Amino acid sequence: MMNRMAFIKFRGNFTTNSSFLHSETPFSSFHLALHSDVSSNRSMLHKITNLNDALNLFDEMSQRRPLPSVVHFTQLLNAVTKMKHFTYALDLFNQMCSLGVPVNEFSMSIAIKCCCQLYRTKDGFALPGCCFRRAIPPNVYIYSALLDGLVLEDKILEAEMLFKKLVKQKLCEPNVVMYNTMIKGLCKFSNNVTAVALLRLMEQKNCKPSIVTYSTIIDSLCKDKLIDDAFKLFKEMLSDKGILPNVITYTSLIRGLCNLGRWDEASKLLKEMEDEKISPNVKTFTALVDAFCKEGKVEEAEAVINIMIERGEVPNIVTYSSLIDGYCLRGEMIKAREIFDSMTLRGLVPNVVTYSSLLNGYCKNLNIEKAEQMFREMSGKGLKPDVVTYSTMIQGLFQVGRCVDACKLFNEMHAQSLIPDQCTYRIMLDGLCNNHLVEDALSLFQLMGDSKLNSDIVVYTILIDGAGKCGKFHIARNLFHELIDNVMIGGFCREGQLGEAKLLFLKMEESGYPPNTVTYCIFLQGCLKNKRYDDVERLLQEMVDRGYSLDASTLSLFIDHIAAGLLDKSMLKLFNKLVPKEFLDDPSLCDWE
DNA sequence: TTAGGGTTAG
């Protein structure tokens, strides 16, 4: 079970083309275009498909007097952005400013988008200030670009705060794209409930949801295995709203069904989509390949690949990585290696995921030397092992009893500024316990600050089991009590039995198992969800006194309640002491008062 | 006469 947040997309670096001065394109044609009418200039801009042409055209444009209009510069800026050369686009934007081109909200929004795509959303936020100085009112395009940047960087709380601030202070009226961006962010964190609530809010505010809105939520529901809810929404979209599904909507649903092993329904849906004259694409086929491989059905997966090739679709790196997983799962490592090697012949360059798949295969088949070889090989190729690679390797080392090496690698991972996730901690704790190092496991458990990790029932099970096996029944019992209490309090809160929850909460202290940070978060969430606010402030103060902190989901709930005017703003002061610093590093976003 | 949103793997 992998945390969805761990799947941060790989960002490829582009290389600078050094043949800047040796371009084969005759620039005079672009030059001429600028003299002629606007429409032909536009068509010229459409023909620019490489960076050199664009940069040369920019040079030429900037030497002309009078300067071409901001519209022409913006078109060029956009062309560079579409090529994903964000650094160059930003550089051009700066040059535009130096040249005195009167930049407007169009060019500004492109510049902000570039900052955000480069994971420099903070710099993007500096630009609206620049907008004000230039008397450009930031509009819904600019704010949407910033919102998208926050979502891209997983700063979901800041994204929510920005969105609410925009609405509350009437800085702009969110449109369908802005709603979709916020919904995408919520879905990225599996907050489907709020995503659907936002969909309903859109309807209320007469902002028509689009196919993008529905597809985003449907995809998220499918990823969380809530396939029936996904189909409910699918039907609503089709029957009530008359919005037609496209290949993306179908692909999400087919993947959802396949991952649950509901093959018959998946194939029915595949047929339905073809009847609607919507052709499956590489991603649709890859979803099938992946699902077959996860069940070890590599023959079926290979058959799908053949069909897709017959249909003129080219399998990509994702398709083959899935196939490698399939063979690894069956222990057919020679075949897995063959697929890996054949990728290069097809012009596909294996990436971190591909390497990690094969490495995982070697670990699971207890060929640790080969796994270590892959680990070194990928570094040699300039690919940095990520959290998943490290976790896989650590697990492999524990499995062959090499605990010291496993711990070394865990430390090395820290040194590389990689943050261990839920999966890494489970592997570490399990590895230590299985190798009779329960004391070490317990100290590591104490060090795990994140309450999401601390409330992980799997983690508790590993530890209780480990402690029990080593005869440390006292420790096992303590852990068991902690777990049971947290589960019970959570259960009472869900059922609306706040009185029972509170009773148990108070009893914990008396019986020598004091509530931990997780217990507090669970109980506080219960109070908020049941609109019982009498104890909230006192509980927050207790948390401050005990040095505990609020986790992201509890904090997000608090923000919702404060924004809705259900809680006193004076509580915001307590948050400063209870919120991990990284959530509040941009004070401009937190001025609710 | 220039700007924004949704689907792929470990």
Side-chain angles (χ1 to χ4, degrees), chain A residues 2 6-7 9-10 38-39 41-42 45 68-79 81-82 103-114 116-117 139-149 151 174-185 187 209-220 222-223 245-256 280-291 293-294 315-326 328-329 350-361 363-364 385-392 423:
Chain A
M2 190 57 62
F7 295 130
K9 289 214 174 91
F10 174 69
V38 169
S39 62
N41 178 55
R42 191 176 166 202
L45 275 156
S69 77
V70 63
V71 174
H72 292 137
F73 275 108
T74 308
Q75 285 174 332
L76 183 54
L77 203 59
N78 195 33
T81 309
K82 290 268 149 68
V103 297
N104 57 14
E105 59 266 48
F106 292 83
S107 43
M108 196 66 88
S109 79
I110 297 175
I112 291 176
K113 186 200 157 105
C114 290
C116 295
Q117 293 297 315
N139 60 17
V140 68
Y141 285 87
I142 289 177
Y143 285 125
S144 290
L146 289 169
L147 192 70
D148 198 42
V151 169
N175 61 11
V176 59
V177 176
M178 188 175 259
Y179 274 109
N180 288 348
T181 308
M182 192 66 244
I183 287 174
K184 175 178 71 176
C187 288
S210 65
I211 178 71
V212 178
T213 324
Y214 277 101
S215 293
T216 309
I217 305 177
I218 286 173
D219 183 65
S220 182
C222 288
K223 279 189 176 129
N246 59 18
V247 61
I248 296 175
T249 334
Y250 275 114
T251 301
S252 292
L253 286 166
I254 288 171
R255 188 163 30 79
N281 63 18
V282 192
K283 291 178 182 181
T284 324
F285 284 119
T286 301
L288 293 166
V289 170
D290 188 52
C293 286
K294 282 207 173 80
N316 62 19
I317 188 163
V318 181
T319 325
Y320 287 114
S321 296
S322 294
L323 194 57
I324 289 174
D325 277 336
C328 287
L329 186 67
N351 62 12
V352 184
V353 179
T354 328
Y355 269 96
S356 302
S357 288
L358 200 54
L359 188 149
N360 178 49
C363 285
K364 293 282 145 57
D386 63 13
V387 177
V388 182
T389 327
Y390 271 102
S391 305
T392 310
C423 208

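For the numbers below, each heavy atom of this structure counts, side chains included, while hydrogens, waters and symmetry mates do not. A, B, ... follow the sequence lines: proteins, then strands. Residue 1 opens every chain. Worth saying up front: this structure is predicted, and the values here are computed from it rather than measured.
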Under 4.0 Å, heavy atoms only, any strand: does [X] hit a base, just the sugar-phosphate, or nothing?
X      : result
A:T389 : base
A:T81  : nothing
A:S356 : base
A:L147 : nothing

Proximity to the side chain of [X] - top-ranked nucleotide from [options]:
X      : options              : result
A:N180 : B:dT1, B:dG5, B:dG6  : B:dG5
A:V212 : B:dG6, B:dG10, B:dT8 : B:dG6
A:S357 : B:dG10, B:dG4, B:dT7 : B:dG10
A:V140 : B:dG4, B:dT7, B:dG10 : B:dG4
A:N139 : B:dG5, B:dG4, B:dA3  : B:dA3
A:D386 : B:dG10, B:dT7, B:dG4 : B:dG10
A:N175 : B:dG6, B:dG10, B:dG4 : B:dG4
A:V71  : B:dT1, B:dA9, B:dG4  : B:dT1
A:N104 : B:dA9, B:dT2, B:dT7  : B:dT2

Can you list everything that forms a salt bridge (charged side-chain N to carboxylate O under 4.0 Å, His left out) with [X]? Sequence neighbours excluded, please.
X      : value
A:D386 : none
A:K184 : A:D148
A:K294 : A:D290

Which whole-number value in Å describes the distance from [X] [atom1] to [N] [atom2]?
X      : N      : atom1 : atom2 : result
A:I254 : B:dT7  : CD1   : P     : 16 Å
A:D219 : B:dT8  : CG    : C1'   : 10 Å
A:L359 : B:dG10 : CG    : C1'   : 10 Å
A:I211 : B:dG5  : CD1   : P     : 16 Å
A:N351 : B:dT8  : CG    : P     : 15 Å
A:Y355 : B:dA9  : OH    : P     : 21 Å

Using OP1 and OP2 only, check whether a side-chain N or O of [X] sits under 4.0 Å from [N].
X      : N     : result
A:K113 : B:dG5 : yes
A:K184 : B:dG5 : no
A:N78  : B:dT2 : no
A:K82  : B:dT2 : no

Practice problem: Not counting sequence neighbours, which residues clear ring pair (Phe, Tyr, Trp, His ring centres under 6.0 Å) with A:Y320? List them please. | Solution: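 A:Y320 satisfies ring pair (Phe, Tyr, Trp, His ring centres under 6.0 Å) with no residue once adjacent residues are dropped.
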Practice problem: With sequence neighbours left out, write down each residue that passes ring pair (Phe, Tyr, Trp, His ring centres under 6.0 Å) with A:F73, or none if nothing qualifies. | Solution: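 Listed in chain order: A:F58.
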Quiz prompt | Residue pair A:N281 / A:T284, side-chain donor-acceptor N/O under 3.5 Å | solution =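 A:T284 and A:N281 do have a side-chain donor-acceptor pair below 3.5 Å.
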Quiz item: If we only count heavy atoms from C-beta on, is the A:V212 to A:T216 side-chain gap below 4.5 Å?
Solution: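 Of all side-chain heavy-atom pairs linking A:T216 with A:V212, at least one is under 4.5 Å.
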Self-check item: Min side-chain heavy-atom separation A:S391-A:V388 under 4.5 Å
Solution: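 Not touching, per the 4.5 Å side-chain cut-off.
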Quiz item: In this structure, which one of A:D325, A:T392, A:T389 forms a side chain to side chain donor-acceptor pair (under 3.5 Å) with A:S356?
Solution: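 Considering A:D325, A:T392, A:T389, a side chain to side chain donor-acceptor pair (under 3.5 Å) with A:S356 is found only for A:T389.
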Quiz item: Which residues, if any, of residues 281-290 of chain A bring a heavy atom under 4.0 Å of DNA chain B?
Solution: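 Contacting residues: A:K283, A:D290.
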Would the base of [N] count as contacting [X] through its side chain, where contact means a donor and an acceptor less than 3.5 Å apart?
X      : N      : answer
A:T216 : B:dG6  : no
A:T354 : B:dG10 : no
A:T74  : B:dT2  : yes
A:S322 : B:dA9  : no

Practice problem: Kindly confirm whether the side-chain ring of A:F106 is stacked on the base of B:dA3, judged by centres under 5.5 Å and planes under 30°. | Solution: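 By the stated criterion, A:F106 and B:dA3 do not stack.
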